[in-house]
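Quick note on labels: first sequence line is chain A, next is B, and so on, each numbered from 1. Atom set for the values below is all heavy atoms of this structure, side chains included, hydrogens, waters and symmetry mates excluded. Since this is a predicted model, take the numbers as computed values, not measurements.
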Amino acid sequence: MNDRPALTRSNRMLLTTLEGVPGRKIVKHLGLVQGSTVRAKNIGRDITAGLKNIVGGELKGYTELLQEARQEATQRMMQEASKLGANAVINIRFATSSLTQGAAELFVYGTAVQID
Amino acid sequence: MDAFGIFLILLAIGFFAGSYVEKKHLEDLHDREYRTRQLKVVNIGAKTRIPEADRAKLFVGSVVVSSDYFKTFVAGWMNIFGGRISVFESLVDRGRREAMLRMKEDAMKWGARQIVNVRLETAELSGRNNSGVVSIEVIAYGTGVQ
């Protein structure tokens, strides 16, 4: 139970939506970290989405676009956390807002902590 | 007259293709929900301790769904009379179930026993010309524990 090779490697960042990391103890709170990105939809995707708006259903292009963007925002948050010397980010929350027509901001925030 | 003809054609395509897409999607959702039924999903966990958990990982599922031409038209009329817009109720419901399923399937691949502290969020992505077309993004995220 005590050897967790994947987690003990120092550069692995643990992300949870909980107020702690199950099975580990929080040593130090390092404060709020955040990452965000603003993305515009591109024309190619807009045309297919325009056609899709007639028949409805999932807009795969946008799903992928927002997934990539969210990953980037998470990546930025993790960078900020590792700069503070954290090895986990807890209580993560996501937020999306459409700024103007055609652009969306993806925002992720959490608390950087050090766990043992 | 021409414009009216195009409008009717689009409405018909929207109605028939839209219903077909929706029916297929609902069947698919039903199947996949049945397959992932063992995985427990709860939205407690932030303040409650989960003593049996040993490892944890963040899982995110997201989807963008769009209304069809027919639904948009009906909803436009409903805005005048008020009341329930049932065509959009089914749309957001589909989106939410799809997002939840994607999160669950990811977590199952990792070997999660349950997903705790799940949050659901909906965001509207307004169209470029703001023509009343509704496309929404639903995301579901939570912590999978082993």
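The OG1 atom of B:Thr143 sits 9.0 Å away from the CG atom of A:Asn91 when rounded to the nearest 0.5 Å. In this structure, CZ in B:Phe59 is found 11.0 Å from CG in A:Leu15, a value given to the nearest 0.5 Å. Separation of atoms OG (B:Ser66) and CG (A:Leu59) is listed at 4.5 Å; rounding is to 0.5 Å. Taken to the nearest 0.5 Å, the OG1 atom of A:Thr16 stands 13.0 Å off from the NZ atom of B:Lys57. The OH atom of B:Tyr141 lies 9.0 Å from the CD1 atom of A:Ile92; values are rounded to the nearest 0.5 Å.
In this structure the side chain of B:Arg119 never reaches within 4.5 angstrom of the side chain of A:Phe94, judged on heavy atoms. By the 4.5 Å heavy-atom criterion applied to side chains, B:Ser62 and A:Arg70 are counted as neighbours.
Screening A:Ile90, A:Thr17, A:Leu18 for a side-chain contact (heavy atoms from CB on, under 4.5 Å) involving B:Leu58 leaves a single residue, A:Thr17.
With a 4.5 Å cut-off between side-chain heavy atoms of Ile, Leu, Val, Met, Phe, Trp and Tyr, the cluster of A:Tyr109 takes in A:Leu32, A:Phe107.
Criterion: ILVMFWY side-chain heavy atoms under 4.5 Å apart, direct or through other members. Under it, B:Val118 and B:Trp110 are part of a common hydrophobic cluster. Clustering ILVMFWY residues whenever any of their side-chain heavy atoms sit less than 4.5 angstrom apart, transitively, puts B:Ile44 in the very cluster that holds B:Val145. The hydrophobic cluster containing B:Phe4 also contains B:Ile6, counting ILVMFWY residues as joined when their side-chain heavy atoms lie under 4.5 angstrom apart, directly or transitively. Transitive grouping of hydrophobic side chains (ILVMFWY, heavy atoms separated by less than 4.5 Å) keeps B:Val41 and B:Leu29 in distinct clusters. By the criterion of side-chain heavy atoms lying less than 4.5 angstrom apart, applied directly or through intervening Ile, Leu, Val, Met, Phe, Trp or Tyr residues, B:Leu91 is grouped together with A:Val55 in one hydrophobic cluster.
With respect to the salt-bridge test (charged N to carboxylate O, under 4.0 angstrom), the residues B:Glu98 and A:Lys60 do not qualify.
B:Tyr20 OH: 12 or fewer foreign heavy atoms inside a 6.0 Å radius.
Heavy atoms of B:Glu121 lying under 4.5 Å from chain A belong exclusively to its side chain. Contacts of B:Val60 with chain A are made by side-chain atoms alone, with heavy-atom separations under 4.5 Å and no backbone atom involved. The contact between A:Ala95 and chain B is made by backbone and side chain atoms together, counting heavy-atom distances below 4.5 Å. When heavy atoms are compared at a cutoff of 4.5 Å, B:Leu10 approaches chain A by way of both its backbone and its side chain.
Interface residues of residues 73-87 of chain B toward chain A, defined by a heavy-atom distance below 4.5 Å: none.
The heavy-atom pair separating B:Ala123 from A:Thr96 by the smallest distance is CB-CB, 3.6 Å. Scanning both residues, A:Ile54 and B:Asp68, for their nearest heavy atoms gives O-CB, 3.1 Å.
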Intermediate values then yes/no, side-chain contact (heavy atoms from CB on, under 4.5 Å), B:Val21 and A:Glu58: CA-CA 9 Å; B:Val21 168; A:Glu58 186 189 349; over 6 Å; no
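Distance alone, capped at 3.5 Å, is enough to place a donor-acceptor pair between the A:Thr63 side chain and the B:Val64 backbone.
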